[in-house]
There are 2 protein chains.
Amino acid sequence: MDQNAPDPPSRRPTLSQVAKAAGVSEITASRALRGGSAVAKTTRQKVERAAQALNYVPNRLAGTLAGGASRQVAVILPSLSNIVFADVLKGLETRLEDDGYHPILGISHYDATREEHLLHDLLSWRPAGLVLAPTSGNAATRALLQAAELPVVEVMDTDPDAADMAVGFSHRAAGRAMAHYLIGRGYRRMAYIGHDIATDFRALARLDGFKDGLTDAGHILSDTLILDGPSSVPLGREGLARMLDRTTPRPEAVFFSNDDMAVGGVFHCQTAGLSLPHDIALAGFNGLSIGQALPTPLTTIASNRERIGFVAADHILRRLKGERPSRITQIDFRLLPGSTA
Amino acid sequence: MDQNAPDPPSRRPTLSQVAKAAGVSEITASRALRGGSAVAKTTRQKVERAAQALNYVPNRLAGTLAGGASRQVAVILPSLSNIVFADVLKGLETRLEDDGYHPILGISHYDATREEHLLHDLLSWRPAGLVLAPTSGNAATRALLQAAELPVVEVMDTDPDAADMAVGFSHRAAGRAMAHYLIGRGYRRMAYIGHDIATDFRALARLDGFKDGLTDAGHILSDTLILDGPSSVPLGREGLARMLDRTTPRPEAVFFSNDDMAVGGVFHCQTAGLSLPHDIALAGFNGLSIGQALPTPLTTIASNRERIGFVAADHILRRLKGERPSRITQIDFRLLPGSTA
DNA sequence: AACCTTATTGACAGCGCTGTCATTACTTGC
DNA sequence: GCAAGTAATGACAGCGCTGTCAATAAGGTT
């Protein structure tokens, strides 16, 4: 509590104090508490009792410094405003915790400089591994990664030249899949509405894939609207309103950068009295539950973010045990036909 | 390790190597890199150049062990599925990063045992501070906190007997405020629909406050429906459907445990052809953007989660500088009258 | 009984860094 | 030009723990 008061009286108990209390050597106490090694059952109990009595909490800084492997994993994500990355983090944390590991977190805010800085900072804690959803193909970052000599997983995409491992799916393929689906449904005049794509290069990859898909079938994108700022429901709503306002005839189908945006579009249609998908078709990306709970379930592509996080953590952990998980792991997306397109 | 080997293939460079390269003593290198202390400008430059050349990344485990204060802050949250805690985490991370601190994360899953375990685990990293959104008034946890002797902030509520500091607002007061508002709007027969409340005791507090508010005005809650599982849009939708199915006459107004649930309710009304708020009034809690973007903006109470996280981190940091931020900090909620009630 | 295992415990030397106090170099005042 | 002060640097010890190897005790073999 009191920061100023000189507090020599109550320093946290150390292993040596536990050892003394249990009447054994420090190293024996260490082994007893860590389990595994050869320690007599009675000795172990004595030590455990002493630790309990003193309210001993081991100091892993010291342990890691002396022994080797940390049980912390650095995690760098571009954002937490979007539930998508919270999902990834949840999957990560769940798997890590199973093995007594913990994430140290950094948020890059889609800023490459910040990402690099974070990387340097987090590496200084000597984590056992690193998981990141890269913000860009930053060269400096890549160099640091290569030099870091620790298991690294890049999540959310399947970049074939990932520094080490990658867990995710191809956003380009996802965009293409949506194009094929919409074409198959008979839509022709198609538009795209997205949030600030300069920063979110995975959204950009989806757009590129979408265009590719249209091209495959001999079509082209009839209209594109990119709005400033992070994706959100209100932004999507505003986007569709503006697009319909400025373009005649209106597009037959609109692909949004993600579900948040698309749900905004659905709301606009409700307000404007447009019936889905008759008057206009809308599609999103991510498969958020909000979109599926709409009176008209959103047509979208489900990504399994939590699983991506989980598998990423698992890869780190397995690597630490000496195994060699595959370099690129595909976590499939799935097109969810709803009733909006 | 082998001390004699001239150049162990690829261990990370240490401060001593940097010092050697710069032709100064270890401690001088340390001071040069940390800045502040008295080091000649030329010396500092030499050291910085050497560090750069060697690609030196300091080892904070060693630094913290030797020197004192860690730059990690333990964070324990009950969940990440709900955007609410992701928001808090975002605020925390933002403020911490400003000062070069980083969160180590643990998720309790609304489980008191797990929370206690996490606390023990995270404390073993000797964090400089601790932020948690308590899952319960767990006694063992509280004891650990008291003994921990580090700045602790409990977030999301303003528990007057917080172990150390608290940043948030009274959920009870929020519930009451909603009751008063709805009564003021003329609604009488009111119901509540919530998610698994056994675990989420802040939602329970809101319900209690809501009941209090009704009692204040001489009314009582006409119906209550608690559903299993975490809150979600589909769950709220299902909840309202079930309630309307089983109860006649239907309630005039329904207060949901949060916005996710309430938005589900709105969707159900859209599907069932009920007009809001004429046929039935709905209200939520949190002030999520999704609710505000609905064709009928949701009546709700806005909480400022990100700010709570930010202020919590700020309190920790200030405490570490020797200041004494106030024990209980209120981050006000605000009733947002929408068009659903 | 001498010998060999195996189980259990401990001594020792650091891990990489920083706090403390001491030392040296360089100014400045009179 | 010399005492006294300031700036810059370094030697040393130790943070709390674990890996390595050695030592001892206990049990089994021929």
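Proteins get letters first, then strands, A, B, ... in listed order; numbering begins at 1 in each.
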Q: Side chain of E26(A) only, please: which of dC17(C), dT9(C), dC17(D) is the nearest?
A: dC17(D)
Q.
Could you tell me how far apart L61(A) (CG) and dC17(D) (C1') are, to the nearest whole angstrom?
A. 10 Å
Q: Taking salt bridge (Lys or Arg N to Asp or Glu O under 4.0 Å) as the test, write out the residues that go with R327(B), two or more places apart.
A: none
Q: Provide, to the nearest angstrom, the distance between the CD atom belonging to Q45(B) and the C1' atom belonging to dA8(D).
A: 15 Å
(Q) Angle between the two end axes of the helix from dA1(C)-dT30(D) to dC30(C)-dG1(D), five base pairs per end, rounded to 10 degrees? (A) 40°
Q. What parts of residues 49-60 of chain B reach DNA chain C, counting only heavy atoms under 4.0 Å away?
A. Y56(B), P58(B), N59(B)
Q. Could you give the CZ-to-C1' distance, from R44(B) to dA7(D), as a whole number of Å?
A. 13 Å
Q: Name all pairs fulfilling the side-chain hydrogen bond (donor to acceptor under 3.5 Å, both in side chains) condition that reach into residues 76-89 of chain B, sequence neighbours left out, sorted by first residue then second.
A: K90(A)-S81(B), D87(B)-R305(B)
Q: Report the distance from atom CZ of R126(B) to atom C1' of dC17(C), rounded to the nearest whole Å.
A: 17 Å
**Q.** Atom-to-atom span, CG of L65(A) to C1' of dG14(C) - whole angstrom
**A.** 9 Å
Q. Nearest nucleotide by nearest heavy atom, which residue falls closer to the 5' end of DNA chain D, A62(B) or K41(B)?
A. K41(B)
Grab the N/O contacts between the protein and nucleotides 22-28 of chain C below 3.5 Å, and write none if there aren't any.
none

**Q.** Nearest-nucleotide pick for T14(B), side chain only, options being dT9(D), dG16(C), dT8(C)
**A.** dG16(C)
Q: Whole angstrom is fine here: how far is it from CG in L15(B) over to P in dC15(C)?
A: 13 Å
Which pairs of donor and acceptor atoms, one on a side chain in residues 51-64 of chain A, lie under 3.5 Å apart (sequence neighbours left out)?
from: N59(A); atom 1: OD1; to: L61(A); atom 2: N; distance (Å): 2.9
from: N59(A); atom 1: OD1; to: A62(A); atom 2: N; distance (Å): 3.2
from: R60(A); atom 1: NE; to: S124(B); atom 2: OG; distance (Å): 3.1
from: T64(A); atom 1: OG1; to: R60(A); atom 2: O; distance (Å): 2.6

Q.
Per the side-chain hydrogen bond (donor to acceptor under 3.5 Å, both in side chains) rule, what does the pair list look like for residues 153-167 of chain A, sequence neighbours excluded?
A. D164(A)-R319(A)
For residues 97-107 of chain A, which side-chain donor-acceptor pairs fall under 3.5 Å, sequence neighbours excluded?
from: E97(A); atom 1: OE2; to: R114(B); atom 2: NE; distance (Å): 3.0
from: D99(A); atom 1: OD1; to: R95(A); atom 2: NH1; distance (Å): 3.0
from: H102(A); atom 1: NE2; to: D121(B); atom 2: OD2; distance (Å): 2.9

Q) For K321(A), does the NZ atom have more than 12 heavy-atom neighbours from other residues, nucleotides or ligands under 6.0 Å away? A) yes
Q | Flag side-chain contact, heavy atom, 4.5 Å: P78(B) against F85(B) | A | yes
Q: Using the side chain to side chain contact (heavy atoms under 4.5 Å, CB included) rule, pick out the option among V88(A), I308(A), V131(A) that qualifies with V167(A).
A: I308(A)
Report each atom pair, protein N/O against N/O of nucleotides 19-21 of chain C, whose distance is under 3.5 angstrom.
from: dG19(C); atom 1: OP2; to: R34(B); atom 2: NH1; distance (Å): 3.0

Q.
How long is the straight-line distance from CG of L130(A) back to CD1 of I76(A), given to the nearest 0.5 Å?
A. 5.5 Å
Q) Is there any salt bridge (Lys or Arg N to Asp or Glu O under 4.0 Å) pair reaching into residues 70-81 of chain A, and which pairs are they, with sequence neighbours excluded? A) none
Q: Apply side chain to side chain donor-acceptor pair (under 3.5 Å) to S30(A) and list each qualifying residue two or more places apart in sequence or on a separate chain.
A: R34(A)
Q) Listed by chain and number, what are the side chain to side chain donor-acceptor pair (under 3.5 Å) partners of S108(B), not counting sequence neighbours? A) T135(B)
Q: Using whole Å, report how far NZ of K20(B) lies from P of dG16(C).
A: 12 Å
Q: Give the nucleotide from the list dT18(C), dA11(C), dT9(D) with an atom nearest to the side chain of S25(A).
A: dA11(C)
